[in-house]
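Each remark here refers to the structure printed beneath this line.
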Amino acid sequence: MVRNIQLRTTLKEEPIQGILTKKAAKYLGIPETEITALKIDRKSIDARKATIYFNYKVTVYIQEPAPENSNYTFNYKDVSNAKEVHIIGFGPAGMYAALRCIELGYKPIVLERGNNVQNRRRDLKAINQEHIVNEDSNYCFGEGGAGTYSDGKLYTRSLKRGDVRRIFENLVYHGATDQILVDAHPHIGTNKLPKLVQNIRENIIKYGGEVHFNTKVVDFDIKNNTLKAIILENGNEMAVNSVILATGHSARDIYYLLHKKEIALQAKSFAMGVRVEHPQHIIDSIQYHCSGQRDELLPAAAYSLVEQVKGRGVYSFCMCPGGFIVPAATAPGEVVVNGMSPSKRNNLYANSGIVVEINVDEDIPKYNKFGVLKGLEYQKDLEKLAFTAGGRSQVAPAQRLTDFVEGRLSTTLNETSYQPGLKSAPLHSLFPKLIGSRLRGGFKAFGDKMNGYYTSEANIIGVESRTSSPVNIPRTEKLEHPEIKGLFPCGEGGGYAGGIISAAMDGERCAEAAVAKI
């Protein structure tokens, strides 16, 4: 017999050996000896009240063995001599597109503009310590894309876009801990992602696929509305059958290229704002109702906040408990910040993007002259403003949270995890009213929701601008561009994903669509 039940433990009960089996037996009214196996399907923390609970969904096997752990087998084939699918970009969408091609018996040819994960570390060191931005290899570009050097958050609401469990189990297959199959809000961690990404690359090559680094696509050869070839920066030309365009939300050169060639694009609404950084103990004390250090069984506390201010949503984005803030610029002359965490989430600070929805059709009329690229140009201008306000390097403009809301320049700033450093700047007056006034209203509301959140011990750091693409590359129901046969816009760069898992699912779907056209 198999029973699916829900159980919960307190902080005091949680460390007790076999506690879930004991509770399951009591719940089911049977002796413990009749339970042959217990599988944890989901684990979450309920800290809404003073008594904190660990909630479990479990499958109990009564007098019968448990089945194998994995629900999936990944049937990778030797595709060395198979028909080719070209994939531009090797982030989550590109990686999963390549893996799916191999399963379907097609040879993926991956073209990645940046470095592999090992060499990419030098590019990250250069931007952090020397303020030198490599336009092709940075926190956004390179093996694994923006997801490699990130918190590795795997939570998604895109449950209807594909098989989430399959994506998770494939990550485990390539080296992720199976804990991601259980946690309600799973993550992998900045320190562990590079090895996992390398494992995926090695598997693609093992089965006959190709992965080319430092290989930048600069043009498309299109005849009779059909994509015939792609042209590389070194002048080489590659004939193609189907091309999956998985370049990520920061590949602005691709948008400019498509626009120049009069290939249909659409302006897309997006969000921009700041990254706020608190000492982690403040967030812990709010979320866990504790003073001093949190219980050792509890992870660094996270939060999720949203408020409507003047008709637009203000919300937290990519919240990183126990993490650090990094420079995510992809070109000289701009400052962009993002957040990430190691697997243990044991850094001293909690950071999160706090961003404002921007309706591209209503909110930025002065940019209408840029047509479908108006959101992109607005995004760029704020990044240039941050660069200037920070002192024309990767030093970021910053302000104490309370000073920003109350409209005064900060005479001093709090310590920070942001390695290039901070410079006090009047962000309250530098931001357009569209963003600044709504951020101020949002922070006040968040302070009401989380007592202690609104504090002078927090910094806000600008700008958080790469939440999603401000451009959409349209596609049909068969995932092909409506004008260009053989071109399959994919993932965050196409405007069809918002994180690692949704991008991976979209990569698989695009692979299936691309091979169907060959």
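The structure presented is a predicted model; accordingly, all values stated were derived computationally and were not measured.
- Within a 6.0 Å sphere centred on NZ of Lys57, other residues, nucleotides and ligands contribute 12 heavy atoms or fewer.
- Atom SG in Cys101 sits 13.5 Å away from atom NZ in Lys83 (nearest 0.5 Å).
- Taking both residues in full, the closest heavy atoms of Pro327 and Asn128 are given as CD-OD1, 3.3 Å, listed atom of the first, atom of the second, then distance.
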Report the C-alpha distance between Leu7 and Phe54 in whole Å, list the side-chain angles of each, state the deciding distance to 0.1 Å, and finish with yes or no for side chain to side chain contact (heavy atoms under 4.5 Å, CB included). CA-CA 8 Å; Leu7 303 171; Phe54 294 88; over 6 Å; no

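- The aromatic rings of Phe74 and Tyr76 sit parallel to each other, their planes meeting at less than 30°, with 60° as the upper class boundary.
- Annotation for Glu64: atom CD counts as buried by contact number, over 12 foreign heavy atoms lying within 6.0 Å.
- Rounding to the nearest 0.5 Å places CD1 of Ile325 at 9.5 Å from CG of Asn338.
- Partners of Ala514 according to the side-chain contact (heavy atoms from CB on, under 4.5 Å) rule, which considers only residues two or more places apart in sequence or in another chain, are Val85, Ser242, Ile244, Phe488.
- A side-chain donor-acceptor contact under 3.5 Å links Lys268 and Ser468.
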Working note: Tyr139 + Thr148, criterion side-chain hydrogen bond (donor to acceptor under 3.5 Å, both in side chains); need CA distance, chi angles, decisive distance, verdict. CA-CA 8 Å; Tyr139 277 101; Thr148 301; over 6 Å; no

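- A side-chain contact (heavy atoms from CB on, under 4.5 Å) with Val471 is found for one member of Leu376, Leu258, Val372 and no other, namely Leu376.
- Ionic pairing of Glu143 and Arg120 is not present here: no N-O contact between side-chain nitrogen and carboxylate oxygen is shorter than 4.0 angstrom.
- Smallest separation of non-hydrogen atoms from Gly209 and Val79: N-CG2, 4.1 Å.
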Stepwise salt bridge (charged side-chain N to carboxylate O under 4.0 Å, His left out) test for Asp78 and Lys206: CA-CA 8 Å; Asp78 184 353; Lys206 173 184 175 182; over 6 Å; no

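- Ion pair Glu13/Lys22 not flagged as a salt bridge, since none of the NZ, NE, NH1 or NH2 atoms sits closer than 4.0 Å to an Asp/Glu carboxylate oxygen.
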Can Val217 and Val243 be said to form a side chain to side chain contact (heavy atoms under 4.5 Å, CB included), step by step? CA-CA 12 Å; Val217 174; Val243 174; over 6 Å; no

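- Checked by atom type, the side-chain pair Thr9/Glu14 shows a donor-acceptor distance below 3.5 Å.
- At a threshold of 4.0 Å, the pair Arg166-Glu103 counts as salt-bridged, since one of the basic side-chain nitrogens sits closer than that to a carboxylate oxygen.
- What you find for Ala511 and Ala97 is that their closest heavy atoms are CB-O, 3.4 Å.
- You'll find the ring centres of Tyr453 and Tyr303 inside the 6.0 Å limit.
- No close placement of the His278 and Tyr349 rings is indicated, their centers lying 6.0 Å or farther apart.
- Judged by distance alone, with hydrogens and angles left aside, the side-chain atoms of His289 form a donor-acceptor pair with the main-chain N or O of Lys49 at under 3.5 Å.
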Donor-acceptor contacts, no H, no angles, side chain residues 106-116, under 3.5 Å, sequence neighbours left out:
| from | atom 1 | to | atom 2 | distance (Å) |
| --- | --- | --- | --- | --- |
| Lys107 | NZ | Ser80 | O | 3.3 |
| Lys107 | NZ | Glu210 | OE2 | 3.0 |
| Glu112 | OE1 | Phe90 | N | 2.9 |
| Glu112 | OE2 | Gly114 | N | 2.8 |
| Glu112 | OE2 | Gly142 | N | 3.0 |
| Arg113 | NE | Asp136 | OD1 | 3.1 |
| Arg113 | NH1 | Asp253 | OD1 | 3.0 |
| Arg113 | NH2 | Asp136 | OD1 | 3.0 |
| Asn115 | OD1 | Asn214 | ND2 | 3.0 |
| Asn115 | ND2 | Asp123 | OD2 | 2.8 |
| Asn116 | OD1 | Gln118 | N | 3.1 |
| Asn116 | OD1 | Asn119 | N | 2.9 |

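- Between Ile35 and Thr21, the closest heavy-atom pair is CD1-O, 3.8 Å.
- In summary, Glu464 and Arg275 engage in a salt bridge, as defined by a charged side-chain N under 4.0 Å from a carboxylate O.
- Taking SG from Cys320 and CE from Met340, the interatomic distance works out to 7.5 Å, rounded to the nearest 0.5 Å.
- Rounding to the nearest 0.5 angstrom, the gap separating the CD1 atom in Ile500 from the NE2 atom in His187 is 11.0 Å.
- Within the 3.5 Å criterion, the main-chain N or O of Asn134 finds no donor-acceptor partner in the side chain of Ser137.
- Counting heavy atoms of neighbouring residues, nucleotides and ligands inside a 6.0 Å radius, atom NZ of Lys192 does not exceed 12 of them.
- Seen from the ring of Tyr56, Arg8 does not count as a face-on cation partner, given the 6.0 Å and 45° thresholds.
- Under the salt bridge (charged side-chain N to carboxylate O under 4.0 Å, His left out) criterion, Arg294 pairs with Asp284, sequence neighbours left out.
- A salt bridge links Arg165 with Glu169: at least one charged nitrogen is closer than 4.0 Å to a carboxylate oxygen.
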Would Glu480 and Lys485 count as a salt bridge (charged side-chain N to carboxylate O under 4.0 Å, His left out) here? Give the steps. CA-CA 7 Å; Glu480 191 173 28; Lys485 295 178 181 178; over 6 Å; no

Could you walk me through whether Lys26 and Glu32 pass salt bridge (charged side-chain N to carboxylate O under 4.0 Å, His left out), step by step? CA-CA 8 Å; Lys26 182 178 180 180; Glu32 285 184 48; over 6 Å; no

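- Without hydrogens or angle criteria, Thr73 side chain to Asn75 main chain gives no donor-acceptor distance under 3.5 Å.
- Interatomic distance, Asp183 CG to Leu154 CG, rounded to the nearest 0.5 Å: 9.5 Å.
- Distance check, rounded to the nearest 0.5 Å: CD1 of Ile205 to CD1 of Ile102 gives 9.5 Å.
- Using a 4.5 Å heavy-atom cutoff, the side chains of Val355 and Leu439 are not in contact.
- Between Ala24 and Leu38 the shortest heavy-atom distance is CB-CD1, 3.9 Å.
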Please determine whether side chain to side chain contact (heavy atoms under 4.5 Å, CB included) holds for the pair Ile354 and Phe446, giving the CA-CA distance in whole Å, both sets of side-chain angles, and the decisive distance to 0.1 Å. CA-CA 10 Å; Ile354 302 295; Phe446 297 160; 3.8 Å; yes

Set out, in order, the CA-CA distance, both residues' side-chain angles and the distance that settles side chain to side chain contact (heavy atoms under 4.5 Å, CB included) for Asp163 and Glu508, then state yes or no. CA-CA 10 Å; Asp163 191 335; Glu508 288 204 330; 5.9 Å; no

Show your reasoning for whether side-chain hydrogen bond (donor to acceptor under 3.5 Å, both in side chains) applies to Glu277 and Ser417. CA-CA 9 Å; Glu277 184 172 60; Ser417 65; 2.4 Å; yes

One pair to check against side-chain hydrogen bond (donor to acceptor under 3.5 Å, both in side chains): Thr330 and Asn138. What are the steps and the verdict? CA-CA 7 Å; Thr330 53; Asn138 42 62; 5.6 Å; no

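- A 4.5 Å side-chain heavy-atom check between Leu20 and Ile40 finds at least one atom pair inside the cut-off.
- In terms of heavy atoms, Asn359 sits closest to Ser269 at CA-OG, 3.5 Å.
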